[in-house]
Amino acid sequence: MIKIFILITATSLVAHGFTQQRYNHAHLPKNTWVIEVNGGEEIVQLLAEVHKYEVLGEISGFENYYKLVKVDHETKTDDSHFKRKLEEHPMVVWAEPQYARTRVKRGDTLLIKKEKERQYQRLREERQRDHEEVLERQKRGIFSWFWSRYTFFFNDTLWSKQWYLQDYRTDRDVPVLDLNVVPCYAKGITGEGIKISILDDGLEWTHPDLRDNYDPSISTDLVEGDNDPMPRYDNDTCNSHGTRCAGEIAMIANNFICGVGISFGAKVGGIKILDGPTTDLMEGTALIYALDKVHIYSNSWGPPDDGETVEAPGIIARTALKIGALKGRGGKGAIYVFAAGNGKMNGDNCAADGYINNIYTVPIASATQRGEAPFYGERCAAIFATAYSSGNRKDEKIATTDLKGKCTTNHSGTSAAAPLAAGIFALVLQANQNLTWRCLQHIIVWTSEVAVLGEDQEWHQNKAGFWVNPNFGFGMLNAYNMVKLASNFKTVPKQNKCNVFLDQKKYFTKFNTNNPAILKLSTLGCAGADNEINFLEHVQVMMNITFPYRGAIEMFLISPDGMRTVLMEERPDDISDEGFKDWIITSVQNWGERPEGTWTFEVTVVDRPDLEETNGIVEYVHIILHGTKDMPEHYSKGKRRYSTYNTDA
Ligand SMILES: *[C@@H]1O[C@H](CO)[C@@H](O)[C@H](O)[C@H]1NC(C)=O
Ligand SMILES: *[C@@H]1O[C@H](CO)[C@@H](O)[C@H](O)[C@H]1NC(C)=O
Ligand SMILES: *[C@@H]1O[C@H](CO)[C@@H](O)[C@H](O)[C@H]1NC(C)=O
Ligand SMILES: *[C@@H]1O[C@H](CO)[C@@H](O)[C@H](O)[C@H]1NC(C)=O
Ligand SMILES: *[C@@H]1O[C@H](CO)[C@@H](O)[C@H](O)[C@H]1NC(C)=O
Ligand SMILES: [Ca+2]
Ligand SMILES: [Ca+2]
């Protein structure tokens, strides 16, 4: 029996808020459906003919996915009949009309609604802090007009502004204040042989500091429908985002122009998806574009960071991430880097972003020059690691290429942190192309720096000995230490998956402000079965929760070892009454722990007078454990040792 489900979705483009910006409407999806059909193209042809649709073929890279367009697509007709027929058809697995999804770039400049007020408040606070900050800077020796030991490595005009690549410490006893990248160059590791595609609003590949590192074979324009990702020039800033992200990775070194890309020996491409309505089909296509060539996909975008949205990738994008991880890089898996999100000041949390909660992505957070969580940096248990980026107005930002052949020192947000991570991963993959997507994740866990972010109050050590933090994941990326570990890294054992269900069939557990829902899920970690897990990687919690005010729900997960992880924090602006439906929250914070025992899932409501009488229901919960049966080789020397400062450079 084949399961049939059809997701009914709004087809109106206007309803999705594409009014505030002028877009290129040349390729709006009109009456386009994507369906998954078992049994071959003839069945699809038949279905299409009867209902006056045209089959545009199987979608490249996706088995059994077909694209259908209404023959007479200019006339607006009711497609509910078509939808019902698809629903009833035994060979149709799923079918969805393609509609525009709101996707935003993770620069920190987009101000939303109540943001203005909050910004004034922030400015007041910042003024107060200015003074403290000067003292702090003096203490840590952050003054970019000082020479660093790398000052004469490059003659690029903005090199002196790339504070996150060269250590400005004046005191050798404090932690390395950069991403520890330059020592890799001395070993000939510059990203050579690695290809990175940037999914964004285009790429000015004619830029003199990018041109020689541009690879057209990993580039395309899914907005205009051609192969040239040149941005659309409305004005100098509106589509500069992709070009800025690309520069961080691949600016040419020692050419006296702009700065130095982290992996200046690598090649970059641009895949344009963000200059107009973005559909699930476009995202899915982009995420596996040129999968036979691309090693890393850099993503500084996602659902809105407005603190109200709870959204996961659509079926096609989700499938693409899985295909990429299983088939990319000759079966070792493409690397998907995602910016964690810029909505903290909007009360947003990355647990509400399904791209971040996908196990195939590497979510990257920002830290400021002073080693702090920035005002915009979203928190959640799925964050893997951190790279430097902008902070408040006194902190330096990121230097990179800009539109029309210019340079900028103003790139910011988690948008700027993710490409730095992508560049570092290019160095790591050059050091060892044998690494799987999970090896890379293990290397991040084993090498990210805690000391440089050590003043944050939220570090806690899990039972496997790893320090984790909802703001920073496992800490600041350390390129040289990653490369060193990578260069003779033993491939991690195969990934197992073990489902854990409620102890009793205790569905429909009520909760309210005074009475949290506390649900117990016991497991042996599938011991004795093929999918036995002894060393955890990702832990995912899948749930159905109803409550009339979604943003007031908080969730926690307590591991058998007693480690308490915050899965969801209050999101004050989310007044949706839809609750969480089939929602998955991912945590990497139990990495390395053992799974067996009782897991506790706790759901609470924030303490607010207006919600005192309000009840919610946990209708369903189940935990998906991921990990390995056998011990990863690099664990064999015991727990990871943390140094108070980096002695390895
Ligand atoms: C450029 O376009 C963006 C987005 O449309 C807009 O926010 C910005 O104000 C424009 N800048 C100028 C200088 O016109
Ligand atoms: C920058 O450095 C490169 C490599 O050493 C050198 O070839 C080039 O002439 C230098 N450019 C300038 C303007 O100094
Ligand atoms: C960065 O922004 C500041 C303030 O908006 C501006 O003064 C400066 O010229 C910008 N710098 C670059 C290189 O774009
Ligand atoms: C990658 O794998 C190949 C084949 O197993 C092996 O010869 C090579 O040494 C490996 N490279 C590294 C850096 O481990
Ligand atoms: C969760 O809720 C959705 C929507 O009501 C429903 O379709 C789905 O079957 C539920 N999931 C489980 C596992 O009960
Ligand atoms: Ca340059
Ligand atoms: Ca977000």
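Counting convention: from 1, in listed order, for ligands and their atoms alike.
Classification of Lys404 and Glu204 as a salt-bridged pair fails, no side-chain N sitting under 4.0 Å from a carboxylate O.
Listed by chain and residue number, nothing satisfies the side chain to side chain donor-acceptor pair (under 3.5 Å) test with Asn357 (two or more places apart in sequence, or in another chain). Annotation: salt bridge (charged side-chain N to carboxylate O under 4.0 Å, His left out) contacts of Lys272 (sequence neighbours excluded): Asp221, Glu224.
At a cut-off of 3.5 Å, with distance as the only test, a side-chain donor of Thr414 or Asn342 sits close to an acceptor on the other residue. Remark: the Asn478 side chain and the Glu449 side chain contain an N/O donor-acceptor pair separated by less than 3.5 Å.
Protein N/O/S atoms closer than 3.0 Å to the Ca ion (ligand 6): Asp156 OD2, Asp209 OD1, Asp209 OD2, Ile252 O, Asn255 OD1, Ile257 O, Gly259 O.
Counting heavy-atom neighbours within 6.0 Å of Glu192 CD, excluding the residue itself, gives a total of 12 or less.
Contact of the Leu477 side chain with the Phe425 side chain is registered, since non-hydrogen atoms from C-beta on lie closer than 4.5 Å. Contact of the Ile249 side chain with the Ile262 side chain is not registered, since no non-hydrogen atoms from C-beta on lie closer than 4.5 Å.
In the vicinity of Phe256, heavy-atom distances shorter than 4.0 Å reach the ligand 2 atoms 12 (C), 13 (C).
Protein residues are said to neighbour a ligand when one of their heavy atoms lies under 4.0 Å from it; for ligand 4 these are Asn432, Asn434, Ser487.
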Practice problem: For ring-ring contact (aromatic ring centres under 6.0 Å, His included), just list the numbers for Tyr150 and Trp159, CA-CA rounded to whole Å, side-chain angles, deciding distance to a tenth of an Å, and then say yes or no. | Solution: CA-CA 10 Å; Tyr150 304 136; Trp159 173 240; 7.4 Å; no
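Nearest heavy-atom pair across Pro208 and Ile252 is O-CD1, 4.0 Å.
Between Asn155 and ligand 2, at least one pair of N/O atoms sits closer than 3.5 Å.
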